[in-house]
*Asks:* 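This is the structure, below, for whatever I ask next.
Owing to the predicted nature of the structure, the values given are computational and were not obtained by experimental measurement. The first residue of the sequence shown is numbered 1, and numbering continues consecutively from there.
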Amino acid sequence: LPRPVREGDDVAILAFGRMVSRALGAADVLAREGVQARVVDMRWAKPRDADAIARAAQTRLVVTVEGGIVSGGAGEGVLGEMARQGLCAPTLNLGIQDRYVPQGKVDLLLRDLGLDAEGIASSVEKRLARLGG
């Protein structure tokens, strides 16, 4: 079952696959800014862990991070599960937008897509600022 690999009460980052390590790096960056991020290794996209998602919805922001296309991806599945449970929480789905991505070294591509630790942290900080926190 999915499990927190880092505890935090401000933001919950639900990370899929190779994005767990990048989410942990983002949590380190956020901690320096005073934001405590829980990181959950979701292990797989299906079946989704309804309890982990419900716990995530108790934070100020639910963030999903995946290394695939956002449209129709794991993050949208998390949103569907939240809707099924009647949960209402601010969300941020991070992944690859539905566009052509050139080939290259994975770390460089993820940086360019804003999916490295710094990019994830920056996106979370921007969303929190828009939420007034």
*Asks:* With the 4.5 Å side-chain cut-off for hydrophobic clustering, are Val70 and Val62 part of the same group?
*Replies:* no

*Asks:* Got a salt bridge between Asp107 and Arg18, using NZ or NE/NH1/NH2 to carboxylate O under 4.0 Å?
*Replies:* no

*Asks:* Can you see which heavy atom on Glu66 is nearest to which on Met19, and at what distance?
*Replies:* C-CG, 3.5 Å

*Asks:* To the nearest 0.5 Å, what is the distance between CZ (Arg22) and CG (Leu110)?
*Replies:*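 Output value for this atom pair is 5.0 Å.
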
*Asks:* Should Arg84 and Arg48 count as side-chain neighbours, where that means a heavy-atom distance under 4.5 Å?
*Replies:*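 In short, these two side chains touch, coming nearer than 4.5 Å.
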
*Asks:* When clusters are formed by joining ILVMFWY residues with side-chain heavy atoms under 4.5 Å apart, either directly or through shared neighbours, do Leu94 and Leu108 land in the same one?
*Replies:*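 Cluster IDs for Leu94 and Leu108 differ.
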
*Asks:* Among Val63, Thr64, Asn93, which residue meets the side chain to side chain contact (heavy atoms under 4.5 Å, CB included) test with Val78?
*Replies:*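 The single option meeting the side chain to side chain contact (heavy atoms under 4.5 Å, CB included) with Val78 is Thr64.
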
*Asks:* Heavy-atom count around Asp9 CG within 6.0 Å, excluding the residue itself: above 12?
*Replies:* no

*Asks:* Taking all non-hydrogen atoms of both residues, which atom of Gln85 and which atom of Ala54 are closest, and how far apart?
*Replies:*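 Closest approach of Gln85 to Ala54: OE1-CB, 3.4 Å.
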
*Asks:* At their closest point, which heavy atom of Gly25 faces which heavy atom of Ala117, and how far apart are they?
*Replies:*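 Distance-wise, the nearest heavy atoms are C-CB, 3.5 Å.
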
*Asks:* Rounded to the nearest 0.5 Å, what separates atom CG in Leu128 from atom CG in Leu30?
*Replies:* 7.5 Å

*Asks:* If every non-hydrogen atom of Ala15 is compared with every non-hydrogen atom of Ala23, which pair is closest and at what distance?
*Replies:*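 Looks like CB-CB, 3.8 Å.
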
*Asks:* Which heavy atom of Thr59 sits nearest a heavy atom of Leu61, and at what distance?
*Replies:* OG1-O, 3.1 Å

*Asks:* Out of curiosity, Ile53 CD1 to Leu87 CG, how far, rounded to the nearest 0.5 Å?
*Replies:*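 It comes to 9.0 Å.
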
*Asks:* Say you draw a straight line from CD of Gln36 to CZ of Arg60; how long is it, rounded to the nearest 0.5 Å?
*Replies:* 11.0 Å

*Asks:* Report the residue from Ile120, Asp116, Leu115 that forms a side chain to side chain contact (heavy atoms under 4.5 Å, CB included) with Glu118.
*Replies:*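 Exactly one candidate clears the test, Asp116.
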
*Asks:* Report the distance from atom CD1 of Ile96 to atom OG of Ser71, rounding to the nearest 0.5 Å.
*Replies:*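 Rounded to the nearest 0.5 Å, the CD1-OG separation comes out at 12.5 Å.
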
*Asks:* Of all the heavy-atom pairs spanning Met42 and Ala52, show the shortest one and how long it is.
*Replies:* SD-CB, 4.4 Å

*Asks:* Under 4.0 Å between a side-chain nitrogen and a carboxylate oxygen: does that hold for Arg6 and Asp28?
*Replies:*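 Looking at Asp28 together with Arg6, the answer is yes, because their closest N to O distance falls below 4.0 Å.
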
*Asks:* With hydrophobic residues grouped by side-chain heavy-atom distances under 4.5 Å, do Val29 and Leu14 end up in a single group?
*Replies:* no

*Asks:* State the CD-CG distance between Glu81 and Asp51, to the nearest 0.5 angstrom.
*Replies:* 9.0 Å

